[in-house]
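First up is the structure itself, then whatever we jot down about it.
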Amino acid sequence: MKIAIVGTGYVGLVTGSCFAEMGTDVTCIDTNTDKIEGLKKGVIPIFEPGLDEIVARNIAAGRLHFTTSLAECINDVEVLFIAVGTPPQEDGSSDLQHVLAVAKNIGQHIEKYLLVVNKSTVPVGTAQKVRQTIVAELAARNKNIEFDLASNPEFLKEGDAVNDFMRPDRVVVGVDSERAKNLITQLYNPFMFVNFRILFMDIPSAEMTKYAANAMLATRVSFMNDIANLCDLLGANVNMVRQGIGSDSRIGSKFLYAGCGYGGSCFPKDVKALIQTAKEKKYNMQILSAVEAINFEQKKVVFNKLHQHFNGSLHGKTIAIWGLAFKPQTDDIREATSLTIIQLLLDAGCKINAYDFAAIQEVKHIFGDKINYTDNMLEATQNADALLLITEWKEFRMPNWEQIKNQMNTHVVVDGRNIYNRDQLTEMGFTYYGIGQ
Ligand code: NAD
């Protein structure tokens with residue numbers, strides 16, 4: 001089968017290369033000329049483990065192509081995915097301009113039947129708007145060409161995206177025609193060898209499922225952070241509480257870690273968009289408003305602990321930061337907690353030594369030379385008055401504490417992800433702060 005993917009970002013590039021890996025002929029389309037020219041030469045624009053390998057293999061096999069022109073390939077394919085960005089607008093609602101621009105482009109160039117599958121995260125009712133946009137363009141051309149729409153929200157996690165796409169827990173698909181259902185089944189069949197995990201439903205339910213999933217995950221994070229903050233005040237340990245409740249099969253142990261807040265390109269914007277969708281229907285999503293408010297405050301918790309430790313006198317202190325990406329295994333810093341903390345430290349007059357395995361270039365675009373970037377984790381702690389762990393990359397798990405202690409000025413560690421052992425660090429002479437411990 002021949003397909004096209006419009007939007008070659010985290011979702012589009014992973015989707016395209018994974019379908020190609022299963023034998024499908026895929027053309028990835030993007031308006032960003034530099035990105036497409038780079039990809040043609042095998043330059044991967046994002047850090048995503050395993051992706052470079054499958055992109056290279058499928059380019060070499062002649063199954064993965066890149067272009068900036070939708071018109072060039074639309075009539076060669078049976079299925080076209082939309083995987084462009086849907087960033088938040090000022091009021092939190094989802095900005096659909098890129099999705100609708102693609103719909104317009106489809107309507108202007110389609111000459112034969114096409115299944116249009118929306119993979120971008122979009123509010124309920126967007127498929128309807130895509131349909132209307134295509135129909136309006138066809139009417140302007142005086143054409144009557146059959147097409148179907150489907151909604152196939154994506155659940156991959158950055159940092160483990162290839163694995164998630166290759167072995168999905170489930171594939172959610174909203175359809176309203178048998179033809180669309182059959183095409184989607186054919187396309188995803190190679191991923192379903194062990195058991196069939198496509199959940200077909202109506203289109204609005206599929207659109208809603210994506211928001212409900214992210215809202216639920218964000219809720220678990222904010223709930224545990226709220227519990228952790230209370231543990232701090234009461235002298236309980238959230239790590240124990242997590243194990244105590246996670247072993248209840250009704251609750252489950254995943255996504256129960258307290259920390260310094262969630263970030264990324266999805267949770268913050270999807271929670272906001274769902275609140276806004278509800279508002280448009282005059283419904284108040286009280287839980288999600290609280291989830292967002294808790295997360296806003298939680299991003300400051302590491303700074304607040306540091307501030308309290310130094311009795312508010314942070315001016316002139318040198319602070320080491322380990323981890324800048326919004327989570328490990330990615331270079332994505334959209335809405336990352338590190339950005340909030342860096343700004344608070346700069347406002348307080350601190351000097352910052354920051355290290356991250358993948359995200360330094362991205363942070364440089366925001367803070368430039370206002371902070372010092374180091375080539376490795378140890379260099380960041382040189383003459384530091386405190387060390388802040390913000391993103392739990394694996395290389396931070398078992399550092400050489402002896403060496404770190406010898407080169408720090410004062411021995412304070414604020415562990416924003418609860419990965420260190422308080423007793424061990426205290427015994428070594430560090431002052432340790434975790435979250436909810
Ligand atoms: P991204 O910003 O990484 O990529 C979007 C790409 O679309 C960009 O390369 C941009 O140049 C391109 N684009 C914009 N308008 C275009 C047009 N008219 N024609 C062709 N290309 C165009 O975004 P992303 O992170 O891949 O997210 C895409 C969608 O998937 C969003 O709705 C997002 O919410 C959703 N999603 C993202 C993730 C994730 O982890 N990143 C996971 C699940 C779902």
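Predicted model, so just to flag it, every value in this text is computed and none were measured.
- A cation-pi arrangement is present between Arg170 and Phe155 under the rule of less than 6.0 angstrom and at most 45 degrees off the ring axis.
- Taking Lys119 as the reference, Glu154 meet the salt bridge (charged side-chain N to carboxylate O under 4.0 Å, His left out) condition, with sequence neighbours excluded.
- For Phe191, the ring-ring contact (aromatic ring centres under 6.0 Å, His included) criterion is met by Phe19, Phe165, Tyr188, not counting sequence neighbours.
- In this structure, the side-chain contact (heavy atoms from CB on, under 4.5 Å) partners of Met377, at least two apart in sequence or on a different chain, are Trp322, Tyr355, Glu395, Phe396, Pro399.
- Residue Lys112 places its NZ atom among more than 12 non-hydrogen atoms of other residues, nucleotides or ligands, all under 6.0 Å distant.
- Residue Gln308 qualifies as open at atom CD: its count of foreign heavy atoms under 6.0 Å is 12 or below.
- Under a cut-off of 6.0 angstrom, the local environment of CZ in Phe196 is crowded, with over 12 non-hydrogen atoms contributed by other residues, nucleotides or ligands.
- Under a cut-off of 6.0 angstrom, the local environment of NZ in Lys279 is sparse, with at most 12 non-hydrogen atoms contributed by other residues, nucleotides or ligands.
- Considering only residues two or more places apart in sequence or on other chains, Glu207 meets the salt bridge (charged side-chain N to carboxylate O under 4.0 Å, His left out) condition with none of them.
- The 12-atom threshold is not exceeded at NZ of Lys129, counting heavy atoms of other residues, nucleotides or ligands nearer than 6.0 Å.
- Judged by a 6.0 Å distance limit and a 45° cone about the ring axis, Lys40 is not positioned over the six-membered ring of Phe66.
- Residues Lys272 and Glu292 are paired through a salt bridge, judged by an N-O separation under 4.0 Å between the basic side chain and the carboxylate.
- Dense packing is recorded around CZ of Phe200, with more than 12 heavy atoms of other residues, nucleotides or ligands lying under 6.0 Å away.
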Just distance, no hydrogens or angles: give the donor-acceptor pairs under 3.5 Å from side chains in residues 356-365, sequence neighbours left out.
unit_1, atom_1, unit_2, atom_2, d
Asp356, OD1, Ala358, N, 2.7
Asp356, OD1, Ala359, N, 2.8
Asp356, OD2, Leu324, N, 2.6
Asp356, OD2, Ala325, N, 3.0
Asp356, OD2, Trp393, NE1, 3.0

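- Remark: Gln298 pairs with Asn229 by the side chain to side chain donor-acceptor pair (under 3.5 Å) rule, at least two apart or across chains.
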